[in-house]
Amino acid sequence: REAPVVTVEKVDTQSRAQVRRFLKIPFALYANHPQWVPPLLTDIRTMMDRHKHPFYEHSDADFFIAVRDGRDVGRIAALENRRYNATHDTRQAQFYLFDCEDNAEAAGALFERVFEWAHRRGLDQVVGPKGFGALDGYGLLVEGFEHRQMMTMMNYNYEYYPRLVEALGFEKEVDFVSCYIEADAFRLPERIHRIAGRVKRRSSLTVQRFRSKRELVKWASRIGEAYNRAFVDNWEYYPLTEREIDFLVSNLLTVANPRLIKIITHGDDVVGFLFGFPDVSAALQRAKGHLYPWNIADLLVELRRTKWVALNGAGILPEFQGLGGNTLLYSEMENTIREFGFLHADLTQVAETAVQMRSDLVNLGGKPYKNHRVYVRRL
């Protein structure tokens with residue numbers, strides 16, 4: 001008997017039934033997997049909604065499902081981020097939300113559709129996984145499969161995913177390494193805290209702390225401006241629009257404890273920031289993608305109970321790095337971990353191209369423990 005043929009269907013994002021099929025695929029693949037953290041279904045629905053997600057105001061995306069023998073066996077999204085391409089003078093397509101059974105034919109059929117999609121738009125390479133915004137997580141997991149995913153800020157996948165992708169001609173583009181810090185081992189030399197104190201007194205750099213989300217919202221546009229200036233040299237950078245900044249901040253606020261968000265100011269300008277998030281992965285696993293009232297209550301309990309913190313988004317404007325701004329940032333990082341009684345910290349997805357930040361983290365006692373690889377294939 002001949003092997004069943006794999007067909008690929010483009011998702012009509014106006015069809016609730018088709019969107020639901022796309023959403024369900026990873027839930028079937030990873031059912032009860034101890035390290036996988038389900039995304040919130042509303043988040044993925046928003047990514048697929050051309051009227052709701054600010055990405056579509058400047059760019060485009062389509063979604064595909066692989067079907068084999070009447071079963072949905074894989075999925076993928078194809079993106080063209082025109083602002084990124086204009087900023088870097090590239091013609092890049094991205095892939096994201098790739099999930100697939102361990103089946104080379106299904107993976108090949110999905111990517112073939114992405115290659116065709118890119119060709120039709122005059123794009124000459126496909127890069128990914130790379131999503132719709134700065135908090136979507138980059139890359140396929142290639143090391144650290146034994147560790148739980150850090151909420152939805154990074155991806156989790158089976159060990160066979162890199163093999164499927166590499167067999168299709170993809171090669172490494174850049175690695176994003178996450179470091180683990182044990183609170184007991186994370187003790188900055190007293191000299192660093194002294195320098196941080198001196199920087200505060202002499203350089204007019206100030207650390208702003210927040211007690212409420214309302215206070216934080218007032219600073220949103222200035223944080224966005226600083227984000228757009230701090231990460232200009234980063235591999236993944238492109239200037240966020242005002243709507244994207246608002247969208248990012250409102251997403252941050254859903255899982256943020258305002259007291260874990262610190263910003264460094266110089267006069268009225270934001271010149272650096274440190275975003276800390278209590279790790280609510282366990283509650284997200286129990287929620288199974290839904291935000292019913294009882295899941296929200298469970299998330300709120302987990303926010304107070306968790307002993308893990310994700311430090312995702314630490315940056316300082318280049319012109320302030322040599323003025324002690326980095327010292328101030330790391331001093332605040334230690335203070336944050338201590339004040340809240342966290343026992344473990346995940347320094348989430350630092351690009352290997354961010355050489356200074358990487359070496360700083362290792363010097364502070366950070367141990368690389370997860371690696372996510374972004375792949376590229378030239379067309």
Exercise. Begin with the C-alpha distance, continue with both residues' side-chain angles, and end with the deciding distance and a verdict on ring-ring contact (aromatic ring centres under 6.0 Å, His included) for F98 and F111.
Key: CA-CA 9 Å; F98 168 62; F111 276 100; 5.0 Å; yes

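- Contact annotation: the side chain of V73 never approaches that of N103 to less than 4.5 Å [non-hydrogen atoms, C-beta and beyond].
- The residues D102 and R163 are annotated as salt-bridged, a charged nitrogen and a carboxylate oxygen being separated by less than 4.0 angstrom.
- In this pair, H290 and Y292 present their aromatic rings parallel. The plane angle is below 30°, not in the 30 to 60° band.
- R21 has a carboxylate O that lies under 4.0 Å from a charged side-chain N of E9, or vice versa, which qualifies the two as a salt bridge.
- Classification of the W36-Y30 ring pair by plane angle, with boundaries at 30° and 60°, yields parallel.
- With hydrophobic clusters built from ILVMFWY side chains whose heavy atoms lie under 4.5 angstrom apart, M151 shares a cluster with I296.
- With hydrophobic clusters built from ILVMFWY side chains whose heavy atoms lie under 4.5 angstrom apart, V19 shares a cluster with Y96.
- In this structure, E57 places its CD atom where more than 12 heavy-atom neighbours from other residues, nucleotides or ligands lie under 6.0 Å away.
- One finds a salt bridge joining D175 and K172 here, because a Lys/Arg side-chain nitrogen approaches an Asp/Glu carboxylate oxygen to under 4.0 Å.
- In this structure, R377 satisfies the cation-pi test against F115, with its NZ or CZ atom closer than 6.0 Å to the six-membered ring centre and inside 45 degrees of the ring normal.
- Checked by atom type and distance alone, the side chain of D298 never pairs as donor or acceptor with a backbone atom of W294 at under 3.5 Å.
- Ion pair D279/K307 not flagged as a salt bridge, since none of the NZ, NE, NH1 or NH2 atoms sits closer than 4.0 Å to an Asp/Glu carboxylate oxygen.
- Heavy-atom contacts from other residues, nucleotides or ligands closer than 6.0 Å to CD of E171 number 12 or fewer.
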Self-check item: Working for ring-ring contact (aromatic ring centres under 6.0 Å, His included), residues Y180 and H147
Solution: CA-CA 11 Å; Y180 168 72; H147 301 294; 8.0 Å; no

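- Side chains of P129 and Y138 form no contact here, defined as non-hydrogen atoms less than 4.5 Å apart.
- Contact of the C179 side chain with the K367 side chain is not registered, since no non-hydrogen atoms from C-beta on lie closer than 4.5 Å.
- With a 4.5 Å cut-off on side-chain heavy atoms, E80 and S59 do not count as touching.
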Self-check item: side chain to side chain donor-acceptor pair (under 3.5 Å) between H88 and Y238, worked out
Solution: CA-CA 8 Å; H88 294 268; Y238 72 93; over 6 Å; no

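- Between R286 and E302 there is a salt bridge, since at least one side-chain N of the basic residue sits less than 4.0 Å from a carboxylate O of the acidic one.
- In this structure, I76 and F22 approach most closely via the heavy-atom pair O-CE1, 3.6 Å.
- A salt bridge does not link R194 to E190: none of the charged nitrogens lies less than 4.0 Å from a carboxylate oxygen.
- The heavy-atom pair separating T327 from A196 by the smallest distance is CG2-N, 3.9 Å.
- When H58, K130, Q92 are each tested for a side chain to side chain contact (heavy atoms under 4.5 Å, CB included) with N81, only one passes: H58.
- Classified by interplanar angle (parallel below 30°, tilted 30° to 60°, perpendicular above 60°), the ring pair Y158/Y160 is parallel.
- No continuous path of ILVMFWY side-chain contacts below 4.5 Å connects I245 to F55, so the two sit in separate hydrophobic clusters.
- A chain of hydrophobic side-chain contacts below 4.5 Å, direct or via other Ile, Leu, Val, Met, Phe, Trp or Tyr residues, connects M47 to L23.
- Taking the six-membered ring where the residue is Trp, F340 and F342 present parallel rings, their angle staying beneath 30° rather than reaching 60°.
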